Amino acid sequence: MLSKKQIVTWLTLCHEVLEENKTWLTQLDTAIGDADHGNNMHRGFKKVHAQLSELADKDIGAIFKAVAMTLISTVGGASGPLYGTFFLQAGNKMAGKQELSETDVAAMMRAGLDGVKMRGKAQPGDKTMVDVLSPVTEALEQNINDGMPVIEALAKAVEVAEQGVKDTIPLVAKKGRASYLGERSKGHQDPGATSSKLIVECLYKAARADS
Amino acid sequence: MLSKKQIVTWLTLCHEVLEENKTWLTQLDTAIGDADHGNNMHRGFKKVHAQLSELADKDIGAIFKAVAMTLISTVGGASGPLYGTFFLQAGNKMAGKQELSETDVAAMMRAGLDGVKMRGKAQPGDKTMVDVLSPVTEALEQNINDGMPVIEALAKAVEVAEQGVKDTIPLVAKKGRASYLGERSKGHQDPGATSSKLIVECLYKAARADS
Amino acid sequence: MKKLINHPDNVIKEQLEGMQAAHADLIKVNFEPYYITRAGGPVQGKVALVSGGGSGHEPMHGGFVGHGMLHAACPGEVFTSPTPDQMHEAAKAAHGGAGVLNIVKNYTGDVMNFEMAAELAIAEGIQVQNIVIDDDVAVKDSLYTAGRRGVGATVLIEKICGAASEEGYDLKALSALCRTLNQNARSMGMALTSCITPANGSPSFEIGDDEMEIGIGIHGEPGIQRDKMKTVDEIAEMMTVGILEDGAYSRILKEWDQDKGEWAEFEYVDEPFKKGDNVIAFVNSMGGTPVSELYGVYRKMAQVTDKFGIKIVRNLIGPYITSLEMQGCSITLMKVDDKMVKLWDAPVYTPGLKWGM
Amino acid sequence: MKKLINHPDNVIKEQLEGMQAAHADLIKVNFEPYYITRAGGPVQGKVALVSGGGSGHEPMHGGFVGHGMLHAACPGEVFTSPTPDQMHEAAKAAHGGAGVLNIVKNYTGDVMNFEMAAELAIAEGIQVQNIVIDDDVAVKDSLYTAGRRGVGATVLIEKICGAASEEGYDLKALSALCRTLNQNARSMGMALTSCITPANGSPSFEIGDDEMEIGIGIHGEPGIQRDKMKTVDEIAEMMTVGILEDGAYSRILKEWDQDKGEWAEFEYVDEPFKKGDNVIAFVNSMGGTPVSELYGVYRKMAQVTDKFGIKIVRNLIGPYITSLEMQGCSITLMKVDDKMVKLWDAPVYTPGLKWGM
Ligand SMILES: Nc1ncnc2c1ncn2[C@@H]1O[C@H](COP(=O)(O)OP(=O)(O)O)[C@@H](O)[C@H]1O
Ligand SMILES: Nc1ncnc2c1ncn2[C@@H]1O[C@H](COP(=O)(O)OP(=O)(O)O)[C@@H](O)[C@H]1O
Ligand SMILES: [Mg+2]
Ligand SMILES: [Mg+2]
Ligand SMILES: [Mg+2]
Ligand SMILES: [Mg+2]
């Protein structure tokens, strides 16, 4: 189970981690993009973090939808609408909840992933954030369905995320800005997949923090 | 005495030497100017050289005036009108001559220098070609008045020219483009003084060539 | 990084303040969120032409707000699409009761953000259409990529559609014109240098003094290939031939279906240029290349188009859709008929483009 | 050196060919010697406005030939004054029977070559006047230097005098206007980078990534001083204050004395700017700086002029008088009265500047 407090911790950690990794994400987006992903994600989650105190009394679904609105109106670029839609769909699915069961966590990821795929039309293998979000969602669903507790399931999700982001390296991008580079996108890690992995890691860390 | 043949040799040597020194003059004009003096002088004397064959039957004054017209219409910048006026006034002074006596050589230089000073209003010490042409003219007048033969007088003139161009180095430019730099023009050799020195050296070499 | 800026965080705000100070007679800059509208306010009864994109491409789009061109423009962060709320505010501020046409350059972010913006406006009863511009031939196919980028044609389209709005085209007719112009246009870009965004402070790619990038976009990203530096004749010929020999191009673009009240997909097939076509030729500086070099490009491009049997009826030469200080150029050819040429010639009075009034 | 050129020896010719191909409706390029005149030919009964200078400053001057601005322009080699025979041919081609006004930027070469050209025209019975432009405040005095350089004011003067010629000013009145405009204008320039001339292939000066040159001209030469790089606010403030606090300036300029039939020297004293003055403000890119950064410059410049009590009534912002691809900017302020503003607003239609028609 994840408490609301842990959800808020998750979002706080996202802000810290995306700030720490701003330069790294920028470098990734320099090699195969326009060098703004680090700044985009930092800007968005900084604003999310600033709003967390006034969201404390809302249910988790409402928190996610507020996060969605903030990301959509702050991030810009491709990642803004995509992550925004992730949290919007997650928020719809988690409407009214004050805490998330294991099953909720898997459903939240599935709703978010489906939103990203609906919005961006990417499939696994296209060298995008979907190459992390998809295997993570499937692993969570599988493990949680098998009865794994949430902390362990998220630990496994992190491993899957790490593998997923590494797996983007040899891919030729078929979506997003990197796709303009064709074969030249090979050999470079995808920035959006990287920020997704970081976000998943933060969820795991939040699950291990105080509830 | 200088024969017409030696005068033509002089102009031919000017072309060769200014071509060889094009990069050097460019570098000097880069430090305290707009980096075109080497190209300007090369362009002008290349055209002069191309016309020399058709000037063979004219008198020395007419040759100089043709050189003036060519330089004026080809060189551009500050050095075009200045060197053009040098040869125009020299040509007027040497009108009708088929050979130049020692006295003629001094008078030619004086007429040319006066033309340059009339046109550009520079005085010795302003860090220009006048800082070579003026001491050269005075030395020639003095030595030739004292009865020195032309080759020896020109050898002395070359020494004076070399000293004159070195003397431009510590000067603060008061004329021309270098004057915009104020104190920053100190420590740099003047490009126009350098091309003047080269031209004087060529006259000396021509005096030692076949008449 | 050496730029005429203060703190990188304030670049966009300050440059917009400078634009406002300079062009108070032409434009009104809103600061929270950022958007630019005409100083005279919305034009009642005319379709509002709206565009936007990352900052860093000036004068596009903010410099094209004014009579005869855009009604509103939204600048995002440097090279980052603006956000839906920003575009929605701009559309509301510019709306003159006859609907909004969003000119959307084909980048994943631009398309998604403009779609969400359109949904917000439609939800409030404003008629909207989004037309996607995708003229860049360097990106070869649409199946295995995000599709062709929207580049130089955007400027020409903003001008011609701006005139058409002025003439009273309704939203449907203006959308059709915009669509046709996009289908009529093809572009190709190249770079001698990359560029440095204020937020990052380092070049967007490294490139040697004897190299060039072919097939670049406008966001400082690498092109489709790296080559040894060539002469301008070779470069201009390669780019122009690349445009002229580009074959039929097919892809699916999303537009709003007014009747069904939802997004619908349409397949469009562009035909290649052919002998006898009249074109507008646009030779663009990426920002750091001076106009003198553009004339060297134009010279060879005009020889190639002439040999192909194409007639250049109008041209535009200068820095109009840029990538900060990048040195490089792009060529756009747009097939036009007499009506389009008249619209091109119609008066325009914006910070970045003026003639006829 | 990476430029969009072919062989360095052919740069000027090819870029002129490109200009001719692009603007056959506006200009006619002569190739031996190089000069540019209006496509419509000389304008009978109006004073022919002629200027020229080294190539490398495009669009100035060739890009300013056309209705409402220059009648002829002479491009020399890069950064090298054109020659008298060239200017004489241009004057003859442009002469419409009402005399020729040469706008001469104050460089030793430009002044001497234009003087010799004027003498050639006068000898053929053409009425001529040469007015020297010397607006650069970075050069402090005229006694121990070649005098202030002619820089940004040249563009504004070519526009305003072009309109005055169109209005029918005779040579005397046009010369007087030109002289007054020059006395009303002051400029200052700075550079972040140097530039590379095609003929030489290497930078005109070395400069570090944390340095800038203050008080540059337009020929790639070093400025009057080297500084550590500063913010755009500091730079724009320094330049604008430098212009506004420049005191009375006195120098001797040569003009043709029509009655005596010879060159005569005149002492001119320019008064400094004062509270209540109306000005045209011109923020210029040296060629490689994008317009977005110019707006950052404009913002602070406008704050400084406002504080000084000066009103900006018109402005010009962009790359108009350049040094190849140099990154940097210049500011020009020109005091104007209502008549001058009307001339500024008058229609102009040239490759480099268009409005009103
Ligand atoms: N269609 C898409 N579906 C899913 N993810 C995408 C898509 N397009 C781009 N992305 C993700 O967005 C990331 C880039 O984000 P960002 O740099 O913020 O946007 P932009 O490309 O507009 O500059 C990519 O690394 C990729 O992971
Ligand atoms: N008023 C002057 N009188 C004499 N010589 C001058 C004067 N002005 C400039 N020069 C000479 O011209 C040289 C520069 O020539 P050049 O580079 O060809 O012309 P520009 O300065 O127009 O580029 C200077 O080095 C100087 O010797
Ligand atoms: Mg990006
Ligand atoms: Mg020089
Ligand atoms: Mg982006
Ligand atoms: Mg020169």
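Below, read A as the first sequence line, B as the second, and so on, with proteins coming before strands; counting in each chain starts at 1. Values below: every heavy atom of this structure, side chains too, minus hydrogens, waters and symmetry copies. Bear in mind that the values here come from a model prediction, so they are computed numbers and not experimental data.
The shortest non-hydrogen separation linking D:Gly147 to B:Tyr180 is O-CE2, 3.3 Å.
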| said: For B:Lys175 and D:Thr108: C-alpha separation, side-chain torsions, deciding distance, then whether side-chain contact (heavy atoms from CB on, under 4.5 Å) applies. | reply: CA-CA 8 Å; B:Lys175 282 281 182 281; D:Thr108 306; over 6 Å; no
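The greatest number of non-hydrogen atom pairs below 4.5 Å with chain D, out of B:Ser79, B:Gly76, B:Gly84, B:Gly38, is found for B:Gly76. No other option in D:Glu77, D:Met116, D:Arg148, D:His219 has as many heavy-atom pairs under 4.5 Å with chain B as D:His219. The most heavy-atom pairs under 4.5 Å with chain B, out of D:Glu115, D:Lys140, D:Gln86, D:Gln225, come from D:Gln225. Contact count versus chain D (heavy atoms, under 4.5 Å) is highest, among B:Gly120, B:Gly176, B:Gly80, for B:Gly176. Between chain B and the options D:Thr83, D:Asp136, D:Val139, the largest number of non-hydrogen pairs under 4.5 Å is found for D:Thr83.
Looking at D:Asp9, there are no atoms closer than 4.5 Å to chain B (heavy atoms on both sides), in backbone or side chain. When heavy atoms are compared at a cutoff of 4.5 Å, B:Val75 approaches chain D solely by way of its backbone atoms N, CA, C and O. For D:Pro33, no part lies near chain B; criterion is any non-hydrogen pair under 4.5 Å. If you measure heavy-atom distances from D:Glu213 to chain B, the contacts under 4.5 Å come from the side chain alone. Residue contact with chain B, scored on non-hydrogen atoms closer than 4.5 Å, involves the side chain of D:Asp85 exclusively. Both the backbone and the side chain of B:Ala35 come within contact range of chain D, each with at least one heavy atom under 4.5 Å from a heavy atom of that chain.
Within the 3.5 Å criterion, the main-chain N or O of D:Gly223 finds a donor-acceptor partner in the side chain of B:Arg184.
Checked options B:Thr23, B:Thr26, B:Asp36, B:Asp29; the residue passing with D:Asn200 is B:Thr26 (criterion: side-chain contact (heavy atoms from CB on, under 4.5 Å)).
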